[in-house]
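Structure first, commentary second.
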Amino acid sequence: MSVTHRGVSPRKFSVLVTAFWFGVVAGLIEGLLLLAFQRINWQQWGRGIHVSSEILWISPLVDTVFFLLIASAVALVGRFIPRLPGFRVVVFLLTFLSVYDWLALTNRLYRRSCLLLALGIATAFIRWIKKRESAATVLVRKSIWWIFAAFVLTFSGIQGGKWLHERVATADLAVAAPGSPNVLVIVIDTLRADHVSSYGYSRATTPEIDRLAAQGVLFENAIAPCSWSLPSHASLLTGRYPFDHGMVNVQPMPWLGWSKSSLRGYPTLGEALQRNGYRTGAFSANRTFFTRDVGLGRGFIHFEDYFHSPADAFLRTLYGREFTRFYLYRSNNSKVTRALRYLGMDSLFDKDSEGSFDAGGAHRVRKRAGEVNRETLRWIDRDRQRPFLAVLNYFDVHDPYGSPDSYLKPSGSKKTDIDAYDDGLKYVDDSIADLMCELESRGLAKNTLVVITSDHGEALGAHGLTFHGAALYWEQIHVPLVIWYPSHVPEGLRIARPVSNAALPATIMDILSANNPFPGPPLTALWKNPATTSSWPDPLSELAQTNIILTPDKRAQGKIPIATDGDMNSLITPRWHLIVHKKWRAQLYDWTVDPAESNNVVDNPEGRSVARDLDRRLKVLIRPSAN
């Protein structure tokens, strides 16, 4: 080989160019396969690590850096072993790594099988290339610019396409009415109401939420439409119950995207506000069940879900996953781990539940509330001419519980799961305070309607359960709901009537005096006309049969009614809570005197009569739109 490149030896130049070539090609194919098998393996959605189109340039970038390090090591060894066939060694190693990558990401083969197949293919390929080494090196050199161009076009097409789409969609918005307020909806994932100070909790977990509640309206008995994220988020966006919008479980992801096919075509809050001149954005720390990929992106011009940091991007590639699975969380005191911490890469060790080891995968890095705030504020600052709708999902109260390591912990925290849960909640509350301060400094707070709620609660040991999504007990569906908008909603009002937070889209549109495409009634009626309280519709909760339940809660099957063996529905009145299971007998609780729901009264004379009446009403309510 006679080619030189600014003092680099021909042999070294050849192996580095080869590594770049392999890295881009392997990464592009990896990205395509990750997207494809994410759709093919949709039934395992809750167990997987998820990606979107950005992976098509992230994977080539990660693989190229990784492969260049390997090629550099081979070139270094070649300095001490002059007869080492560097090109062939690099081709063998990178062929093996590329093929293993493509086989392993399918989640269809045992890892040992992937290793053996990759080894066999690499061995056969190097035997073939050995006879054509000269032609192969020429091919690599001649095609390298085409490979580079493919990477640049992929990057610019994806990132530029998103930028152009957002710019055009924003420019096409109607002119908003003068003085239109901004709308900020904060969903604190997995927050049960009774751990919020203003709901009577003994600990001072939420001073900022308490402040907003004291200046606005607090609903003492808000009920989530489901006890896990996907159906509840769909209801929060459409104003409809799960039986209506149909998103009761993860559905197959269309190959060309959801378009108008998600949520049975019902309008979303984002779409309604776009028609009123609002630019719309979503900022999600729940990268499993509040994303574009599951069909919840309709109505958002801007959506930030995956790839929130370089660490997160790296760990979504195949070799990033392998790194976490086999090394990162098993070597807390290694030199590499200490070096990463020294370099300020602590986020690598802040584990999320997405793709958890409980499900056989590799953990992701946590997307904290502080990062959600930064994303939101960057987006808000891009355009101060139009009002905005920003829907935020904070995930810090979700398991694994606790705040970031760098956060100053309250005294005595993290002794139990409840301590850690409360610690995460205090961090979220501080983050809300930070966000409100930033809005205030921009002169936006006074003209912003703020809604704070949750998608569901958490068991925390109640009824023998640990997490959520397994049942419909009070602690899993009773969520906070606060509406704050100075001079436009009553100050310090507390409403005891049980309500569904699925009424939020209709409520927001009513507060804005905008055309309302959502089923009612809006919650504003409860303070505008208190007489409506007596005839207010009783809130529903639904839980379809599912296996997306963590192992500790699956152990309850056969002991209590849970969703692993049948659908569940519940109806909440000002006194009673009826829970109906497809296979088990009904449960009835007088939640006003038994909020822990420890005494099932369905078998006493009054209970039998109440249960029959509520069951009839429940069947009438759900039947009209059920498939």
Side-chain angles (χ1 to χ4, degrees), residues 162 165-167 169-170 173 176 179-189 191 208-209 212 216 229 232-234 236-239 268-287 290-292 296-306 308 367-396 428-429 431-455 481-486 488 501 504-505 507-509 511-512 514:
K162 290 179 64 176
H165 165 74
E166 185 170 341
R167 190 176 180 88
T170 303
L173 291 173
S180 295
N182 305 303
V183 180
L184 176 65
V185 178
I186 297 175
V187 180
I188 305 173
D189 209 300
L191 177 56
E208 180 64 12
I209 295 175
L212 296 173
S229 293
S232 280
H233 277 84
L236 289 172
L237 296 179
T238 62
T268 67
L269 178 62
E271 289 174 320
L273 288 181
Q274 280 186 48
R275 287 193 288 271
N276 285 272
Y278 281 70
R279 61 192 187 104
T280 57
F283 307 86
S284 176
N286 184 337
R287 279 84 51 82
F290 181 37
T291 67
R292 291 166 293 188
L296 297 179
R298 187 155 53 82
F300 294 114
I301 297 173
H302 183 90
F303 205 135
E304 295 205 29
D305 38 20
Y306 310 125
H308 77 281
K367 185 177 180 181
R368 290 292 183 177
E371 177 61 26
V372 174
N373 285 354
R374 285 187 286 273
E375 291 176 348
T376 303
L377 292 167
R378 281 196 300 266
W379 175 76
I380 288 172
D381 289 340
R382 290 180 197 171
D383 183 349
R384 300 285 290 276
Q385 304 303 311
R386 296 177 178 83
F388 64 78
L389 163 69
V391 178
L392 281 58
N393 173 287
Y394 291 144
F395 206 58
D396 308 83
V428 166
D429 188 79
S431 298
I432 294 173
D434 292 342
L435 180 60
M436 294 303 295
C437 284
E438 291 291 341
L439 293 177
E440 184 71 38
S441 70
R442 289 164 170 77
L444 298 174
K446 290 182 180 178
N447 196 39
T448 298
L449 164 62
V450 178
V451 177
I452 298 175
T453 190
S454 179
D455 54 345
L481 177 55
V482 172
I483 299 178
W484 180 88
Y485 185 21
H488 294 82
N501 66 357
L504 281 177
T507 303
I508 290 169
M509 300 306 287
I511 293 174
L512 301 182

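Keep in mind it's a predicted model, so treat the numbers as computed, not measured.
- Within the 3.5 Å criterion, the main-chain N or O of Ala234 finds a donor-acceptor partner in the side chain of Thr238.
- For Thr376 against Ala390, the heavy-atom pair with the smallest separation is CG2-CB, 4.2 Å.
- Between Leu481 and Leu504 the shortest heavy-atom distance is CD1-CD2, 3.9 Å.
- Going from atom NE2 of His302 over to atom NE2 of His165 covers 11.0 Å, rounded to the nearest 0.5 Å.
- Residues Leu449 and His488 are not in side-chain contact: their nearest non-hydrogen atoms beyond the backbone lie 4.5 Å or more apart.
- Across Pro181 and Leu512, no two heavy atoms sit closer than the pair CG-CD2, 3.2 Å.
- Closest heavy-atom contact between Leu173 and Tyr278: CD1-O, 3.4 Å.
- Taking each heavy atom of Lys446 and Tyr485 in turn, the nearest pair found is O-CE1, 4.0 Å.
- Separation of atoms CZ (Arg298) and CG (Leu237) is listed at 9.5 Å; rounding is to 0.5 Å.
- The local environment of CZ in Arg384 is crowded, with over 12 non-hydrogen atoms from other residues, nucleotides or ligands closer than 6.0 Å.
- For Asp455 and Ser229, the side-chain atoms include at least one donor-acceptor pair closer than 3.5 Å.
- Shown are Leu269, Leu273, Thr268; of these, the side-chain contact (heavy atoms from CB on, under 4.5 Å) with Glu271 is made only by Thr268.
- Formation of a donor-acceptor pair under 3.5 Å by the Asp429 side chain with backbone atoms of Ile209 is found in this model.
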I'd like to know whether Asn373 forms a side-chain contact (heavy atoms from CB on, under 4.5 Å) with Leu392, so could you lay out the CA-CA distance, the side-chain angles of the two residues, the decisive distance to 0.1 Å, and finally the verdict.
CA-CA 8 Å; Asn373 285 354; Leu392 281 58; 4.1 Å; yes
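- No donor-acceptor distance shorter than 3.5 angstrom exists from the side chain of Asp305 to the backbone of Ser284, with no hydrogens or angles considered.
- The ring pair (Phe, Tyr, Trp, His ring centres under 6.0 Å) test with Phe290 singles out one residue from Phe303, Phe395, Tyr394, Tyr306, and that residue is Phe303.
- Going from atom CG of Asn501 over to atom CG of Leu236 covers 5.0 Å, rounded to the nearest 0.5 Å.
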Donor-acceptor contacts, no H, no angles, side chain residues 432-441, under 3.5 Å, sequence neighbours left out:
residue	atom	partner	partner atom	Å
Glu438	OE1	Arg442	NH1	2.7
Ser441	OG	Glu438	O	2.7

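- Interatomic distance, OG of Ser454 versus CD1 of Ile186, reported as 12.0 Å (0.5 Å rounding).
- A salt bridge is defined here as a Lys NZ or Arg NE, NH1 or NH2 lying under 4.0 Å from an Asp or Glu carboxylate O, and Lys367 with Glu375 meets this definition.
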For His233 and Asn393: C-alpha separation, side-chain torsions, deciding distance, then whether side-chain contact (heavy atoms from CB on, under 4.5 Å) applies. CA-CA 10 Å; His233 277 84; Asn393 173 287; 3.1 Å; yes
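- If you take CD on Glu166 and CZ on Arg279, they are separated by 7.5 Å, rounding to the nearest 0.5 Å.
- In terms of heavy-atom proximity, Ser431 sits nearest to Gly370 at OG-N, 4.2 Å.
- In this model, a donor atom of one side chain and an acceptor atom of the other lie less than 3.5 Å apart for Asn286 and Asp189.
- Between Phe300 atom CZ and Leu389 atom CG the span is 6.0 Å, to the nearest 0.5 Å.
- The residues Glu371 and Arg368 are annotated as not salt-bridged, no charged nitrogen and carboxylate oxygen being separated by less than 4.0 angstrom.
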Between Ile380 and Asn182, does the side-chain contact (heavy atoms from CB on, under 4.5 Å) criterion hold? Intermediate values first, please. CA-CA 10 Å; Ile380 288 172; Asn182 305 303; over 6 Å; no
